[in-house]
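The structure appears right after this line, and notes come after that.
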Amino acid sequence: MNAIFACLMLIAAGISEKAPEANRSNIRTMPVVRTPESNTVILKIVLPNEGQVLSANPVWMQFRIDGFALQAASSQFDRANDIAVSKMGQTVHIVIDNQPYFAINEPALDPFDEGGSYYDTRYKFEIPFKLKEGMHTIRAFPARSFGESLKGEGAFAVRTFYLGKQSDNPRIDLSQPYLTYNEPSSQMNLKEGQPIL
């Protein structure tokens, strides 16, 4: 596991604006305790539908999340005082294909129905870049303000869709090992000498 942390530290050094000299003696790895998380956080992708064929860009996405407040600070966890923290607060990280993630924390759609009853929290937004024709895969998961992804039972969602025309590409088999990477990245406000997740 320390080899993974060392690798991530090297990646982070390459991401920061002022990369330090390639001196491995400056890199330290430290084991950390996993941040407690709730098993009640549920994230579901609403749009696009599984296997849907969309005609053109822009592509709109919608998800719903329960049990996780976007924009809130994760200051209740000790780790928030020790490492780099995003000013965006808690977010949902969206990975399209293998592009770097983009974070969503914008205001939710109205979660109440006409009678004033609470329904759920939905977010709708345009994917911020153009997609090529063919198959695309969305991965979405909530992340604390210090970048740690939640790993509970309902916190990870995957959706495959097509732009222009459907292809014969295989779908992702989540019963097999599948790696989704989010941090360290250029999304975090990295400072020299400050630890990163």
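These figures come from a predicted structure and were not determined experimentally. Keep in mind that the numbers below use all heavy atoms, side chains included, and drop hydrogens, waters and symmetry copies.
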In one Ile/Leu/Val/Met/Phe/Trp/Tyr side-chain cluster, 4.5 Å: [X], [Y]:
| X | Y | answer |
| --- | --- | --- |
| Leu70 | Val41 | yes |
| Val59 | Ile96 | yes |
| Leu54 | Ile45 | yes |

Pair Arg139-Asn182, side-chain hydrogen bond (donor to acceptor under 3.5 Å, both in side chains): steps then yes or no:
CA-CA 11 Å; Arg139 290 173 272 177; Asn182 67 316; over 6 Å; no
Heavy-atom closest contact ([X] atom, [Y] atom, distance):
| X | Y | answer |
| --- | --- | --- |
| Pro128 | Phe102 | CD-CZ, 3.5 Å |
| Asn49 | Gln52 | N-OE1, 2.8 Å |
| Glu106 | Tyr123 | O-CE2, 2.9 Å |

Report all side-chain donor-acceptor pairs from residues 146-155 shorter than 3.5 Å, counting only partners two or more places apart or in another chain.
residue: Glu148; atom: OE1; partner: Thr35; partner atom: OG1; Å: 2.4
residue: Glu148; atom: OE1; partner: Arg79; partner atom: NH1; Å: 2.8
residue: Glu148; atom: OE2; partner: Arg79; partner atom: NH1; Å: 3.3
residue: Ser149; atom: OG; partner: Lys151; partner atom: NZ; Å: 3.3
residue: Lys151; atom: NZ; partner: Ser149; partner atom: O; Å: 2.6

So do [Y] and [X] actually touch side chain to side chain, heavy atoms under 4.5 Å?
| X | Y | value |
| --- | --- | --- |
| Tyr101 | Val95 | yes |
| Pro142 | Thr91 | no |
| Leu163 | His136 | yes |
| Met61 | Lys124 | no |
| Phe161 | Thr137 | no |
| Val92 | Phe141 | no |
| Phe63 | Ile138 | no |
| Ile127 | Trp60 | no |

Rounded to the nearest 0.5 Å, how far does [atom2] of [Y] lie from [atom1] of [X]?
| X | Y | atom1 | atom2 | answer |
| --- | --- | --- | --- | --- |
| Phe125 | Gln62 | CZ | CD | 9.0 Å |
| Lys44 | Ile65 | NZ | CD1 | 12.0 Å |
| Arg144 | Ser75 | CZ | OG | 11.0 Å |

Show your reasoning for whether side-chain contact (heavy atoms from CB on, under 4.5 Å) applies to Thr180 and Phe156.
CA-CA 10 Å; Thr180 298; Phe156 182 75; 3.6 Å; yes
For Ser145 and Gln90, run side-chain hydrogen bond (donor to acceptor under 3.5 Å, both in side chains): C-alpha distance rounded to whole Å, both residues' side-chain angles, the deciding distance at 0.1 Å, then the answer.
CA-CA 4 Å; Ser145 60; Gln90 296 187 149; over 6 Å; no
Give the intermediate values and the outcome of side-chain contact (heavy atoms from CB on, under 4.5 Å) for residues Leu131 and Asn57.
CA-CA 7 Å; Leu131 299 175; Asn57 285 294; 3.9 Å; yes
Criterion side-chain contact (heavy atoms from CB on, under 4.5 Å) on Leu43 and Arg64, from CA distance to verdict
CA-CA 6 Å; Leu43 178 105; Arg64 72 175 193 234; over 6 Å; no
Where at least one partner belongs to residues 49-60, residue pairs that pass salt bridge (charged side-chain N to carboxylate O under 4.0 Å, His left out), sequence neighbours excluded:
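Applying salt bridge (charged side-chain N to carboxylate O under 4.0 Å, His left out) to every pair that reaches into residues 49-60, excluding sequence neighbours, yields Glu50-Arg159, Glu50-Arg171.
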